Amino acid sequence: GENVEQHPSTLSVQEGDSAVIKCTYSDSASNYFPWYKQELGKGPQLIIDIRSNVGEKKDQRIAVTLNKTAKHFSLHITETQPEDSAVYFCAASRGRDTDKLIFGTGTRLQVFP
Amino acid sequence: KAGVTQTPRYLIKTRGQQVTLSCSPISGHRSVSWYQQTPGQGLQFLFEYFSETQRNKGNFPGRFSGRQFSNSRSEMNVSTLELGDSALYLCASSVTGQGYEQYFGPGTRLTVT
């Protein structure tokens, strides 16, 4: 069945450095790729998403890149801040109403001041 | 616009009991999905409801069930609770389905003793 692999499982960076989280998906028909941030004691929050007709999307300090040929997509956070510390989840879907959203296993990001 | 709300936020039950959790989606959202989150298994999809009909289902036993009302509010029920059902249960809503932006509630923390 569909599968989304996410790496690394934990990531520690110094404040101000960049962080990159990578995901690989198995279903070549996937075309919707959201990223979620989950802070302690809260539900996941949608932070950015991309569809397959776009190779890159940016929103301030975060960006997502997509390589459909290699079937992988990545989250880039620049100028990291302590408040970026959280668990990040990638996900993939075929992008239609009836399609399931398949989640990666999560990356725990720690940003040290 | 109000976000997704879930009640109760915390619950302690005993093995063998049953439990009902409630989710109110964002106004105008007709799709409600439920997930189980545990440290070892990540985000596991339970089921999705759209217009009062179960549209997708994950790989969970029949003890897990749900329903959706005409106002899009949803409930999930777990019967004959087991220790392994201890988890954070998350509800997410979307306008039309999982192939589009999905917004999560804060979750219900269920502890089974």
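Predicted, not measured: the structure shown is a model, and the values here were computed from it. To find a chain, count down the sequence lines: A is the first, B the second, and so on, and within it residues start at 1.
Interface check for chain B: of the options A:T98, A:V87, A:T105, the most heavy-atom pairs under 4.5 Å are formed by A:T98. Chosen from B:F50, B:Y35, B:Y103, the residue pairing most often with chain A at heavy-atom distances under 4.5 Å is B:Y35. When B:E48, B:Q6, B:Q102 are compared by the number of non-hydrogen pairs under 4.5 Å with chain A, B:Q102 comes out ahead.
Applying the 6.0 Å contact sphere to CZ of A:R51 captures more than 12 heavy atoms from other residues, nucleotides or ligands. For A:R108, the CZ atom is loosely surrounded, since the number of other residues' heavy atoms within 6.0 Å does not exceed 12. Few gaps surround CD on A:Q14; more than 12 heavy atoms of other groups in view lie less than 6.0 Å from it. For A:L40, the CG atom counts as loosely surrounded, since its 6.0 Å shell holds 12 or fewer non-hydrogen atoms of other residues, nucleotides or ligands. Environment of CD in A:E15: crowded, with over 12 heavy atoms of neighbouring residues, nucleotides or ligands closer than 6.0 Å. In this structure, A:K68 places its NZ atom where more than 12 heavy-atom neighbours from other residues, nucleotides or ligands lie under 6.0 Å away.
The part of A:K42 that comes within reach of chain B is its backbone (N, CA, C, O), which places non-hydrogen atoms under 4.5 angstrom from that chain. Heavy atoms closer than 4.5 Å to chain B are found nowhere in A:Q45, neither backbone nor side chain. Contact annotation for B:Q44: neither backbone nor side-chain heavy atoms come within less than 4.5 Å of a heavy atom of chain A. Looking at A:P44, the atoms closer than 4.5 Å to chain B (heavy atoms on both sides) sit in the backbone and in the side chain alike. At a 4.5 Å heavy-atom cutoff, the contact between B:R9 and chain A is made by side-chain atoms alone. In this structure, chain A has heavy atoms under 4.5 Å from both the backbone and the side chain of B:Y100. For a residue to count as touching a neighbouring chain, one of its non-hydrogen atoms must lie under 4.5 Å from one of that chain's; by this rule A:R94 does not touch chain B. For A:D99, the part sitting under 4.5 Å from any heavy atom of chain B is the backbone (N, CA, C, O) and nothing else.
Proximity of B:L88 to A:Q38: side-chain heavy atoms (C-beta onward) are separated by under 4.5 Å at one or more points. Counting heavy atoms from C-beta outward, A:F89 and B:Q37 have side chains that approach closer than 4.5 Å.
With hydrophobic clusters built from ILVMFWY side chains whose heavy atoms lie under 4.5 angstrom apart, A:F73 does not share a cluster with A:Y36. Cluster membership for B:V19 and B:W34, using ILVMFWY side-chain heavy atoms within less than 4.5 angstrom, is shared. Cluster membership check: A:V20 does not share its hydrophobic cluster with A:V111, using side-chain heavy-atom separations under 4.5 Å among Ile, Leu, Val, Met, Phe, Trp and Tyr. Note on B:L43 and A:I47: separate hydrophobic clusters, where clusters join Ile, Leu, Val, Met, Phe, Trp and Tyr whose side-chain heavy atoms are under 4.5 Å apart, directly or indirectly. Connection of A:W35 to A:V54 is established within a shared hydrophobic cluster, with ILVMFWY side chains joined at heavy-atom distances below 4.5 Å, either directly or through further cluster members.
B:F45 and A:K100 make their closest contact through CE2-CE, 3.8 Å (heavy atoms, listed as atom of the first residue, atom of the second, distance).
Of all residues spanning residues 70-82 of chain B, none has a heavy atom less than 4.5 Å away from chain A's heavy atoms.
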